[in-house]
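Input: a single structure, listed below in structure tokens.
Chain A is the first sequence line, chain B the second, and so forth, proteins listed ahead of strands; every chain is numbered from 1.
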Amino acid sequence: MSRYADWYAVELDGYLRGRMSEVQRFEATREILNHFAEHVDDLVSKGMDPVEAEKAAIVAFGSPRQASINLLGQSKGNVIGKWLILVGCFMITWLTFSMGLVGTLAQIQAYFEAPIWNFYYNNLWRSWEILAVSLIVGTILTRKVPVGKMLIAGGLGIALIGVFFFVGPELNYGNVPKDKFDTMLTKWQAANNTTVLLAELEKSIIESTYTDTFNGKQFVFKDKALAIDRVTHEAPKMLAASSEYIKISGTRFGGYLAPPKLSKSQRWNGEDTGIKQGYNPTETGNSFMVAQRTLQYYDSAEEAINAWAESQKMYGRSHSLFGSIAREQDEFIQGARKFGMLSGPQLLIATILPVILITFASLISMMIIGWPLTKLPTLAVQTSFKRRFA
Amino acid sequence: MAFKSDNDALILGVLAERSLHGYEISKQIKLKSKGSLTLPENKLYPALHKLEELGLITSEWIPQHGKPDRKVYSISPEGTKELDSHRSAWKKFMANINSVMMDTFSRESEL
């Protein structure tokens, strides 16, 4: 036997390393080497040149990669990998369906704090993590990118969205009856107007004092009297409208606004503010509740406004938070108005197209990532073998 | 009348006569079937490992001089039972096919 069989064994061993027990790997490689030796003897006895015979035996057996896939097909790692891929593909279906469902419900059903929405919202990103991890680990273990399964899963998810639209509440625009839509729109607009007023108040505070005193410890408002006056007179209006506002504002997901549903204790503990999570909530409606809480739980407007200014320090904010919220809220109202005017089929197209695009972009990304993963950790060895064998 | 043709049955069939190593099993299947049945070589070993795990065959390493060690497989009593059930299914399958195809053939010949 010459070096070809040895190179084959090295590459095969590389593919099997970490995916089979040491003993199994050793025995499988030895057994295949014996197979080559027997085949070579057979061919040489028929008059073939030994080196050519060895090449022919290797070609007849198939590539090291294919041999490893077949050998691993019986291993526990492969079985686990296949299950992980199934989990991943199931998640694709579920997420694709969820995206359509959430998109529609959050946009149209925002007025109501639907439990189903909260379930999807709270679990969606965790689901993506499960999807990614299971597909990546499954791909490594099975040495195959499950292109077909992923496409079927994505297609199934999109089909489920279609089913949802045709058997679901699309004709009623979610749970918002058509005849009540204008009334709701008026309420949302009133809440938006209040936010705009608050944005003006905040802007006046920022412009008069905030930038001057940001680096210092003390927050002294040059126009504090005006600020307190605005808070005293406008805050009650804002708070009165806040329950409506909170329902229609909230964290964005996939271009849609979605209402947060948190208990008072959660809000009080700052779980809604992002402080505990360590991110800047400037662009989220949750920030609104920082201010709301501050205003709600202090005894006087002066105390509240000082505390609010203190709470803004950590973000180094130099622009109007409520201005951002007002814009976000306005976008929501525009979107709701637009969606409210769509017919059922138009609504289906408006929602399903982005979902199709997102789904297939995700699948293609996973395939692009998955392909090199199937080559690990033997990419260099394989290239080397192919070059030498050529 | 279902009969599932599979590699496991072919392997058990050739091992029923005598113990063989992997390459010889592949060769015997081809030889006995007069070249009409070929078991893909790199699918042979996973099938052998599976049968061994199921206890239908057993194996033994035989050291060799100047060549890698040879792993020789033998059929186990459980494997013999499994082969018998494959044979029964095949006989039944053949009988059913014959009753349909050969009956038609006989009537056509008479005409």
Legend entry - Under 3.5 Å: donor-acceptor pair, side chain of A:Asn34, backbone of B:Pro68: yes

Inset, instruction - Examine whether an atom of B:Glu24 lies under 4.5 Å from a heavy atom of chain A, and if so say whether it belongs to the side chain, the backbone or both; otherwise answer neither. - result: neither

Inset, instruction - Assign the ring pair A:His35 / B:Tyr45 to parallel, tilted or perpendicular, where the plane angle (0 to 90°) is split at 30° and 60°. - result: perpendicular

Legend entry - All pairs passing salt bridge (Lys or Arg N to Asp or Glu O under 4.0 Å) where residues 36-46 of chain A contributes a residue, at least two apart: A:Glu38-B:Lys67, A:Glu38-B:Arg70, A:Asp41-B:Lys67, A:Asp42-B:Lys27

Inset, instruction - Give, for atom CZ of A:Phe61 and atom NZ of B:Lys43, the distance between the pair rounded to the nearest 0.5 Å. - result: 12.0 Å

Legend entry - Side chain proximity check, A:His39 to B:Glu41, heavy atoms < 4.5 angstrom: yes

Inset, instruction - Please tell me if the side chains of A:Glu31 and B:Trp61 come closer than 4.5 Å, counting only heavy atoms from C-beta onward. - result: yes

Legend entry - CD (B:Glu78) with more than 12 external heavy atoms under 6.0 Å: yes

Legend entry - Non-neighbouring partners of B:Ser74 that pass side chain to side chain donor-acceptor pair (under 3.5 Å), sequence neighbours left out: B:Ser19

